[in-house]
Amino acid sequence: MTPTITLTVVPALLLLLLAAFAPELAAAASSSRRTTHQPPRFAAGLASLHQQRAASSGGRYAAADNGTAKPFTAHYFPQELDHFTFTPNSSRVFSQKYLLNDTFWRRKPTAGPLFVYTGNEGDIEWFTTNTGFMFDIAPEFGALLVFIEHRFYGESQPFGKDSSQSPDTLGYLTSTQALADFAVLITSLKQNLSAVDAPVVVFGGSYGGMLASWFRLKYPHVAMGALASSAPILQFDDISSWSGFEDTVTQDFKSESLNCFSVIKAVWDVLDDRGSNETGLLELSKTFRTCKTVQSVDSLTNFLYTAFTYTAMTDYPTPANFLQNLPAYPVKEMCKIIDSFPAGADVVEKAFAAASLYYNYTGDQKCFQVEGVDDPHGLSGWGWQACTEMVMPMTVLNESMFPPFGFSYEERSEGCLAGYGVRPRMHWITTEYGGHKIDQVLKRFGSNIIFSNGMRDPWSRGGVLKNISSSIIALVTEKGAHHLDFRSATKDDPDWVVEQRRQEVEIIRGWIDQYNKDIAQM
């Protein structure tokens, strides 16, 4: 008898989707009736994360036992809890995980650069294994690779298993604290390696790219350059179009097939209608091959929405397994599936078949666990960030392939108060880091930042798409997807990807050469 294989459908909260549609947690829980035509909510409860692994006892930078061969060694840094106050609790120390690869590091006659990845909202090993670009270019620069985990994610839990249980602990989860963590760790690491004068370039993708660019602006004495890939730093206030994200997803599918777009646009009303009673939910559960009968049509809506949105984000020109195993150009492949159905075929079956490409491209999944999912990448802290400072207004227009949806600052505030006991600081990000009239501001004092974006990536609409100065450069590719440039090079990469990476390397080399000349003259 063949064993049953199940796939847990995880609404991966990384890449900032929760910031767009943060759940009004308690409000949603108090109502049994679904609000029609709103984007599915990526609920981020206060679930416990994995137990924090004990730090190595071999010293401040002692390597942890990885158990298996990996292209890095894991280390733990004693990080201060609070960098901005002198309250008794501020000096509390937690173990912050970081990864090193010194295979190509040049130590003499002068130390090679440190290429530092500013960790995102998840397990740092996950991001490291999906950032092959840094490993690819390290040999020609003689670079030391450093990947720092973001506080409250992965193993870097300031309060262990209780880190995400209360606003009293989650209050230390902010972008400013994270940037200070990076600065303290990098500075200490350089001192311990006797490489105080070595240049530092920070790299980051998505939220990590936002952090990389902000780090360069806030800590120019620590990092002399930043490569920020797919970093939507302008997705705040009214700087960018609130509908840009869903407009781009829609256009990605529409560009492949008008029929594909029409089918997806039609499926939401059909789902609502069929899922309005227990009999309908039972039939839909059979259609979606769920492991258990679903209790809410929201779960199936979320199933489809996640598949279509994340496929657009990861519409890479080569096969990849960042979020799921996918073929090259997966949006095109999804639309081929929809278009292959005969006229008059059921719209729900068409949509499910297309979504199955995302969840089951390998074909070995017998059923889908769409409710009661876990959090394999340690992303649960993002709900807090979206309810405090990462307030990214997003809407869905009538022309979209998704149901129309509005945004209200007041509703977001009330939802976050009900869910977390806090109200968001709606405009704090632009107060702290800027964003309004960014071209006028940064050309006067900023330098050495690359903003890279691919226009098939929905997050590109909140990114920097034009050069700001001769040293703050926007590299934009028409067919690029979410931080595609950070993926490992392959023999099948199209010429435009190869050229984008070549330009990035050339710009970074220019920064480092100038830095070394300046150091030599001191």
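This structure is a prediction, so every number in the text was calculated from the model and none was measured.
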Closest approach of [X] to [Y] (non-hydrogen atoms, all atoms of both residues):
X	Y	value
Gln324	Tyr358	CB-O, 3.1 Å
Ala228	Gly209	CB-O, 3.2 Å
Asn398	Pro404	OD1-CG, 3.1 Å
Phe141	Val505	CZ-O, 3.7 Å
Ser156	Glu149	OG-OE1, 2.7 Å
Gly454	Ser460	O-CB, 3.3 Å

Just by modelled atom types, is the [Y] backbone N or O under 3.5 Å from a matching donor or acceptor in the [X] side chain?
X	Y	answer
Asn467	Ala474	yes
Thr477	Lys479	no
Gln177	His83	yes
Ser90	Thr85	yes
Asp237	Ile239	no
Ser206	Gly208	no
Trp105	Gly112	yes
Thr309	Tyr305	yes

If you define the side chain from C-beta out and look only at heavy atoms, does anything of [X] sit under 4.5 Å from [Y]?
X	Y	result
Val497	Leu484	yes
Phe236	Met390	yes
Gln157	Arg151	no
His75	Leu99	no
Leu179	Tyr219	yes
Asp181	Leu185	no
Trp459	Met313	yes
Ser188	Asn192	yes

Please report the interatomic distance [atom1]([X]) to [atom2]([Y]), rounded to the nearest 0.5 Å.
X	Y	atom1	atom2	result
Arg502	Glu504	CZ	CD	10.5 Å
Asp518	Met224	CG	CE	9.0 Å
Gln440	Ile468	CD	CD1	11.0 Å
Gln514	Ser471	CD	OG	11.0 Å
Leu145	Phe104	CG	CZ	8.0 Å
Arg456	Asp252	CZ	CG	4.0 Å

Over 60° means perpendicular and under 30° means parallel, so classify the ring planes of Phe322 and His483, tilted if in between. perpendicular

Classify the angle between the aromatic ring planes of Phe127 and Tyr117 as parallel (below 30°), tilted (30 to 60°) or perpendicular (above 60°). parallel

Could you check Phe203, Trp511, Phe135 and say which one makes a ring-ring contact (aromatic ring centres under 6.0 Å, His included) with Phe115? Phe203

Partner of Pro71 under side chain to side chain contact (heavy atoms under 4.5 Å, CB included), picked from Thr128, Asn101, Thr103, is Asn101

Going by distance alone, is a donor N or O of one side chain under 3.5 Å from an acceptor N or O of the other, for [X] and [Y]?
X	Y	value
Thr169	Ser163	no
Ser447	Arg216	yes
Thr87	Asn89	no
Asp247	Gln251	no
Thr301	Asp298	no
Tyr207	Ser175	no
His150	Asn120	no
Asn453	Ser230	no

Given Glu506 and Arg509, is the salt bridge (Lys or Arg N to Asp or Glu O under 4.0 Å) satisfied, shown in steps? CA-CA 5 Å; Glu506 180 180 327; Arg509 182 181 292 112; over 6 Å; no

Of all residues at least two apart in sequence or in a different chain, which pass the salt bridge (Lys or Arg N to Asp or Glu O under 4.0 Å) check with Arg461? none

Assess whether side-chain contact (heavy atoms from CB on, under 4.5 Å) is satisfied between Phe407 and Phe405, documenting all intermediate values. CA-CA 7 Å; Phe407 177 87; Phe405 182 70; 5.6 Å; no

Walk me through it: do Ser400 and Thr250 pass the test side chain to side chain donor-acceptor pair (under 3.5 Å)? CA-CA 6 Å; Ser400 171; Thr250 296; 3.2 Å; yes

Take Phe308 and Tyr310, measure what ring-ring contact (aromatic ring centres under 6.0 Å, His included) needs, and give me the verdict at the end. CA-CA 6 Å; Phe308 298 140; Tyr310 287 177; over 10 Å; no

Pair Arg425 + Glu389, salt bridge at N-O below 4.0 Å: no

What I want to find out is whether Arg501 reaches Asp493 closely enough, with some N-O distance under 4.0 Å, to be called a salt bridge. yes

Do Thr388 and Tyr420 pass the side-chain contact (heavy atoms from CB on, under 4.5 Å) test, and can you show the C-alpha distance, the side-chain angles, and the key distance before you say yes or no? CA-CA 9 Å; Thr388 50; Tyr420 287 102; over 6 Å; no

Step-by-step ring-ring contact (aromatic ring centres under 6.0 Å, His included) determination, Phe72 to Phe147: CA-CA 9 Å; Phe72 49 76; Phe147 299 83; 7.3 Å; no

Apply side-chain contact (heavy atoms from CB on, under 4.5 Å) to residues Phe486 and Leu227 and explain how you reach the verdict. CA-CA 10 Å; Phe486 274 20; Leu227 171 50; 3.6 Å; yes

Worked verdict on Thr395 versus Ser243 for side chain to side chain donor-acceptor pair (under 3.5 Å): CA-CA 5 Å; Thr395 59; Ser243 66; 4.7 Å; no

Quiz item: cation-pi between Arg487 and Phe133, 6.0 Å / 45°: no

side-chain contact (heavy atoms from CB on, under 4.5 Å) between Val116 and Ile186, intermediate numbers included: CA-CA 8 Å; Val116 179; Ile186 293 169; 3.9 Å; yes

